[in-house]
Every structure is written in C-alpha cells, then in structure tokens.
Amino acid sequence: MKHKLKMTVREAWARLLYHTGLHILVNRLMPRRLTILTSHCVAHESNAFLPPDMKIEASRLKQLLAWFGRHYDWVSVGDGWNRLQEGAGRSMVVLSMDDGYHDNLEALLPILKDHDATATIYLESRPLSGQSLNWTHKFFWLLARISHRELVERYVAISQDEVACQRLQTVLGEEGRLTYTLKKVLKYEADQVDVDSTLTAIFVEHGGDEPALCQGLYLSWSDALALKEAGVELGGHTIHHYVLSGLDAEGQQLEVGRGREQLEERLGPLESFAYPFGRMWDWNRDSQEAVRSAGFVTATTTHAGTNTSSTDPTRLARWMIEDSTPMHLLACEACGGFELLRKFGLDLSE
Ligand SMILES: [Zn+2]
C-alpha cells in the first residue's frame with residue numbers, strides 16, 4: 001500500500017476507535033497488553049535548554065495520565081512484565097523516563113501521585129555522582145548560546161578526528177535540521193572519546209561548569225532513592241550512554257553489567273534496562289546478550305508498538321510521547337487496534 005494512503009487509513013482507524021469508544025471493546029477482545037510510554041523529562045527550569053522532543057509539558061502529561069488511568073492499570077515495566085506472564089487481568093500501561101533527570105523528582109513525582117500512577121526511570125550511572133554527563137548535553141547547552149557554524153568551527157579547530165570534522169563541515173552547508181544532522185554525525189560517525197573531549201573543551205571555553213550542569217540537570221543518588229521509596233521503579237541505562245552497537249561485545253558487557261552493579265550498590269536490585277537511544281541500529285545481538293548476562297529481565301527499545309506475553313523481553317516496544325503526540329494513535333496502539341488489523345493482514349505500523 002502506498003505510504004500516504006496507509007497513513008490516511010491509519011489515522012481514520014485510530015480516530016474511529018478513539019472517538020466512538022470502540023477502543024474499549026477492542027481492548028476486551030485482544031490479548032492482554034503492556035504498553036510503555038516514554039520520554040525523558042517534564043518541562044522544567046532545570047531542562048529548559050534540552051530540545052522539545054525530549055520532554056513533555058506537565059499539562060499534557062496530566063491529560064495522558066488521566067485518560068489511560070480510566071482504561072488501564074498503571075504499572076512499572078518490571079511489575080507489568082511479571083503480571084503479563086501470569087495471564088489474565090486488565091491490560092496495562094507504563095510511563096517510562098530515560099536518563100534520570102532532576103525534574104523526575106520535583107515535577108514528575110507529584111503528578112504521578114495525583115494520578116495514582118507509577119513509572120520506571122532508567123538511570124545512567126555516571127551522572128548520579130554529580131560530576132559528569134554525556135556529550136549530548138554539552139552539545140545542546142552550546143547550541144543555546146552559539147550558532148551551528150561557530151560550534152563546527154571550534155570543533156574543527158580542536159578535534160583530532162579528521163573524518164568527523166569533514167563530515168560536520170559538509171553537513172553545515174546542507175539544508176535541513178542542522179541540530180539533528182550535526183548530532184547524528186557526532187553520534188554515528190565520530191570517535192566517541194574525541195567527541196567527548198572536543199565538546200568539553202568548547203563547553204569550558206564558553207564558561208561551562210560540568211559538575212554544576214550535571215547537578216542541576218540530573219538526579220543525585222539520594223534523589224533516586226527518594227523516587228524508589230515513593231514506589232517508582234529504577235532501571236539501568238548503562239554508565240556513559242554510548243551507542244551500544246558502536247562497541248564490541250566486551251565493551252557492551254562492561255557498559256550494561258558494570259552500570260547495573262554501580263546502580264545496585266547504592267539503590268538495591270534492578271530488573272529493567274533501556275538501550276541508550278534505543279533505535280534498532282543503536283543496539284544488536286551483543287547488547288541483548290549483555291542484558292541477559294548482566295541479569296536484567298527486560299530491555300526496552302524506542303520502536304513504537306505494544307507488548308504481549310510472547311514479546312521478546314529484550315526488545316520491548318515503547319511509544320515516545322511529546323506534546324504533539326496524538327492521543328488517538330496512542331489509544332489505538334494501547335487497545336490492540338493496530339494488532340487487530342495485522343491479524344487481517346493489514347499492517348499500519350509506521
Ligand atoms: Zn537515554
């Protein structure tokens with residue numbers, strides 16, 4: 001089916017189920033599901049410089065929590081997966097947040113309490129000590145202060161990675177979303193140690209203070225414990241937030257396994273993990289093996305879909321939510337509406 005027609009049918013089907021209430025019937029007919037929503041933070045003064053697709057406004061989140069709470073049980077990923085294996089019961093929804101941002105305690109937790117909901121928060125272990133954060137934050141922090149051109153010029157002057165420098169200069173001359181394309185080059189084509197040291201040098205030139213930025217942006221160990229005591233599930237998200245597929249098997253075992261140990265030493269046992277970045281090309285079979293050998297029960301991706309008891313637990317689907325995410329698409333996926341059509345041979349997944 002042509003893509004445009006497929007998207008039109010997808011929209012129409014989702015709107016029909018959502019606006020007529022048919023989603024309630026479909027939900028009853030379809031096998032029990034675990035739908036996992038995901039973002040990084042609630043918009044808050046501490047994360048103002050992060051891009052809009054990483055966060056959700058409190059008012060929008062409240063709408064989502066209220067709607068899902070009427071039709072589904074709120075669970076954590078760990079609890080939801082266990083319940084899914086037990087068989088009968090209502091379908092479930094999880095709110096997950098990645099990386100471990102400071103707003104998760106100050107802005108998210110009060111909203112969860114108001115809606116009788118819980119969440120799973122996946123933590124990078126390194127920033128919890130309040131000293132350092134991964135390069136993406138310095139990248140966004142710099143772009144809130146200097147132009148893309150200025151950033152690339154300084155990068156080229158400092159970096160030892162000639163291939164990356166050439167690619168960044170080429171991208172600068174192209175049309176399109178510069179922040180996205182520059183980040184993509186740095187993420188997939190550049191030497192990660194060089195990216196880290198080069199962006200750190202530019203960050204310092206502009207008065208950046210890494211411990212201060214880290215402490216303002218991320219949760220501390222005691223914040224994470226406070227979330228756990230409030231009933232939120234904590235999960236692993238590696239030490240450094242590298243693209244796992246860019247590392248060899250041993251490097252991945254270290255990031256996943258040692259990351260888990262570091263968290264467990266301070267926060268107690270963990271069973272859930274999320275792949276950094278989470279797209280299919282960001283992790284591979286070695287990552288799934290690293291997840292299993294580290295002792296995690298589940299691992300989540302950032303590919304859209306819902307999960308049933310037969311889903312591979314090391315590749316659970318999640319729906320990215322942001323302010324513009326249409327409610328009818330979320331509702332259709334959560335009730336099994338897209339899965340129902342797949343049974344009839346019509347695949348409307350994006
Ligand atoms: Zn992440």
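First listed ligand is number 1; within each ligand, the first listed atom is number 1.
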A.B. asks: Looking at the Zn ion (ligand 1), is there an N, O or S atom belonging to His237 that lies under 2.8 Å away from it?
C.D. replies: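 Yes, His237 qualifies, because one of its backbone or side-chain N, O or S atoms lies under 2.8 Å.
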
A.B. asks: For the residue pair Trp135 and Thr200, establish whether any side-chain heavy-atom pair is separated by less than 4.5 Å.
C.D. replies: no

A.B. asks: Which pair of non-hydrogen atoms, one from Ser96 and one from Ile36, has the smallest distance, and what is that distance?
C.D. replies: OG-CG2, 3.8 Å

A.B. asks: Do Lys183's NZ or CZ and the ring of Phe139 fall within the cation-pi criteria of under 6.0 Å and 45°?
C.D. replies: no

A.B. asks: Check whether NZ of the Lys or CZ of the Arg Arg83 lies under 6.0 Å from the centre of the six-membered ring of Trp81 and within 45 degrees of that ring's axis.
C.D. replies: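 So Arg83 doesn't make the cation-pi contact.
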
A.B. asks: Within the stated cut-off of 2.8 Å, is an N/O/S atom of Asp98 closer than that to the Zn ion (ligand 1)?
C.D. replies: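 Given the 2.8 Å cut-off, Asp98 does not count as a ligand of the Zn ion (ligand 1).
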
A.B. asks: Roughly, to 10 degrees, what angle do Asp99 atom OD1 and His241 atom NE2 form around the Zn ion (ligand 1)?
C.D. replies: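 It is 100°, given to the nearest 10°.
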
